[in-house]
Amino acid sequence: MAIWYEGNRNLKANERQEGDITYYIRGVIEVAGVRYERYAVKTHFIERGEDYVDILRRYVLPLYKAGDVVTLGEKVISMCQDNTVKMEDVRLGFWAKFLSKFATSNHNGIGMDEPYKLQLAINMKGLPLILWAVFCGAVARVFGKRGVFYEIVGQDVAGIDGFYSHSSFETYHTLAVLNPKEPEKVCAAIYEQLGMSCVLVDANDIDVEVLGKSADLADVEDKLLADRIRDNPAGQDDELTPFVIIRDIGDEPAQPYEPLVAVEGPMD
C-alpha cells in the first residue's frame, strides 16, 4: 500500500550533522521482526558523468557501519553513467502526439501523457509493441486492471524518468534518465571498492523495485529489502537524498524523530 507525503521531507527537526555531512532521520520501520532505522544522506546535485563510487566515498562511507545496507537511487546512478536522453534529440512523430492525448496521467511523475516520453518509448521498443500495449492496456482498464501497458513494454520503459517541466531542477525539464546499466555490476563495484552492502532501487511513493544488489545480500529476498524502504525515505521532491542508510538497531532506542504527516494518495 502506498504512503503519500507532500513536499520536501527534510524536516529541520530531523536534520543531523556529522562533520561536513548532513543527513536526516527517516524513522524506524519493522520488517520480519527486525527494527531498522533509516538515514537519508544529503548530497550535492549530481550531474551526468560523475563517479558514483567517489560520491559514496565522500557522503556515505563516513556514516556507514558494518551490517548497514545502503539503497542507491536509480536516477543518480544513471546520471553518473550518463544514461540519459536530451529532449532535443527526440523527434516527435504522429503516433506519440496522438496516443499521448489518451494516456492516463501519472500522479507519481510524468507518464505517457507526455509526448516526448511516449516517443522515447516508441524509439526504444518499436511502434508495433507500443500499439499492442496501448490496446491491451485500454481493454484491461475496462475490467479494472491497471499497469498492463508497462507489463507488456517492460521495466526499461517504466523506468524512464525526466522531462519534468515542473521539476525543481532545471536539468530534468529537458532530460530523460533511463534505467541504470548493469545494476549488479554497479553494486559489485561499490562493495568491492568500499566494502559497502548496497541495493540499487527504483523507488517512489507507489512501489519499490530492486534492480540490483551486492553479492553479500544474494540470500536476502528482494521483497524484504524493498520493505525496509517501502515508505520511500529518499523522498519524491527536491530533497537531494539519493542514498539511504538502513541500520538494524535491535532493541536500542531510536533517535528522536518528528514523523511526517501522510496524506491521502491518488486512486490511480
Side-chain angles (χ1 to χ4, degrees), residues 46 48-50 52 71-93 95-97 99-100 102-138 140-141 145-164 167 171-190 198-214 222-223 225-226 229 232 234 236 242 268:
I46 296 169
R48 289 176 289 170
E50 293 196 50
Y52 53 80
T71 61
L72 318 167
E74 40 82 35
K75 182 186 291 186
V76 162
I77 299 301
S78 291
M79 286 289 281
C80 290
Q81 295 175 333
D82 198 9
N83 194 22
T84 60
V85 178
K86 296 179 181 178
M87 182 178 281
E88 64 189 51
D89 294 330
V90 179
R91 183 177 179 181
L92 277 181
W95 285 107
K97 294 177 183 178
L99 294 174
S100 63
F102 304 97
T104 302
S105 61
N106 186 342
H107 295 279
N108 188 60
I110 300 299
M112 290 300 156
D113 55 324
E114 164 52 59
Y116 279 94
K117 184 171 182 177
L118 182 52
Q119 183 63 56
L120 183 53
I122 292 172
N123 295 349
M124 291 169 62
K125 293 294 186 175
L127 181 60
L129 181 63
I130 297 299
L131 289 174
W132 174 246
V134 168
F135 171 76
C136 293
R141 284 182 65 86
K145 184 177 181 180
R146 303 177 184 277
V148 170
F149 174 87
Y150 289 109
E151 288 178 11
I152 293 174
V153 297
Q155 212 285 328
D156 51 343
V157 170
I160 299 173
D161 213 347
F163 292 157
Y164 296 142
S167 174
T171 296
Y172 294 130
H173 293 185
T174 57
L175 189 74
V177 184
L178 307 182
N179 273 349
K181 294 177 285 188
E182 301 181 304
E184 294 289 347
K185 287 188 178 181
V186 170
C187 294
I190 292 168
C198 56
V199 184
L200 181 50
V201 297
D202 182 358
N204 53 53
D205 285 338
I206 296 176
D207 198 12
V208 178
E209 180 166 359
V210 172
L211 304 179
K213 55 190 176 183
S214 52
D222 287 356
K223 181 181 183 303
L225 291 169
I229 57 165
N232 191 22
Q236 200 66 29
D268 54 13

- prompt: Under the 3.5 angstrom rule, does the side chain of K117 hit a backbone N or O of I160 as a donor-acceptor pair?
  reply: yes

Exercise: identify the closest heavy-atom pair between F163 and V90: CZ-CG2, 4.2 Å

query: Under the side chain to side chain contact (heavy atoms under 4.5 Å, CB included) test, which residues partner K97, sequence neighbours left out?
result: L92

message: Nearest 0.5 Å, please: how far is CG in L99 from CG in D113?
response: 12.0 Å

field: Minimum heavy-atom distance P115-A96, with the two atoms named
entry: O-CB, 3.7 Å

- request: Just jot down the side chain to side chain contact (heavy atoms under 4.5 Å, CB included) partners of A189, sequence neighbours excluded, or say none.
  value: Y52, Q193

statement: For K185, the side chain to side chain contact (heavy atoms under 4.5 Å, CB included) test, sequence neighbours excluded, returns E182

query: Sequence neighbours excluded, which residues qualify as side chain to side chain donor-acceptor pair (under 3.5 Å) partners of N83?
result: none

- request: Check P180 against Q81 and note the closest heavy-atom contact, atom names and distance.
  value: CA-OE1, 3.3 Å

message: Check whether S78 reaches the backbone of L178 with its side chain - one donor and one acceptor, N or O, closer than 3.5 Å.
response: yes

field: Partner residues of K223 under the salt bridge (Lys or Arg N to Asp or Glu O under 4.0 Å) criterion, sequence neighbours left out
entry: D227

Could you tabulate the donor-acceptor pairs under 3.5 Å formed by side-chain atoms of residues 120-134, not counting sequence neighbours?
{"unit_1": "N123", "atom_1": "OD1", "unit_2": "Q119", "atom_2": "NE2", "d": "3.0"}
{"unit_1": "K125", "atom_1": "NZ", "unit_2": "V153", "atom_2": "O", "d": "3.2"}
{"unit_1": "K125", "atom_1": "NZ", "unit_2": "D156", "atom_2": "OD1", "d": "3.3"}
{"unit_1": "K125", "atom_1": "NZ", "unit_2": "D156", "atom_2": "OD2", "d": "3.1"}

field: Sub-4.5 Å side-chain heavy-atom contact between M79 and Y172
entry: yes

field: D82: salt bridge (Lys or Arg N to Asp or Glu O under 4.0 Å) partners, not counting sequence neighbours
entry: none

- request: Kindly indicate whether the side chain of E74, heavy atoms from C-beta on, has any atom under 4.5 Å from the side chain of L200.
  value: yes

query: What's the shortest heavy-atom distance between H173 and M87, and which atoms?
result: O-CE, 3.7 Å

query: How about S214 and I190: do any of their side-chain heavy atoms sit closer than 4.5 Å?
result: no

field: Contact check, side chains of K75 and P242, non-hydrogen atoms, under 4.5 Å
entry: no

- request: Go through the steps for M112 and Y150 under the test side-chain contact (heavy atoms from CB on, under 4.5 Å), then give the verdict.
  value: CA-CA 10 Å; M112 290 300 156; Y150 289 109; 3.7 Å; yes

- request: Answer yes or no: are there more than 12 heavy-atom neighbours, outside K181 itself, under 6.0 Å from its atom NZ?
  value: yes

- line: Output for pair (R48 CZ, T84 OG1), nearest 0.5 Å, gives 4.5 Å

field: Results of side chain to side chain donor-acceptor pair (under 3.5 Å) for E50 - residues two or more places apart only
entry: H44

Side chain to side chain contact (heavy atoms under 4.5 Å, CB included) partners of Q155, counting only residues at least two apart: N179, D202, E209, L211

query: Partners of S100 by side chain to side chain donor-acceptor pair (under 3.5 Å), sequence neighbours excluded?
result: none

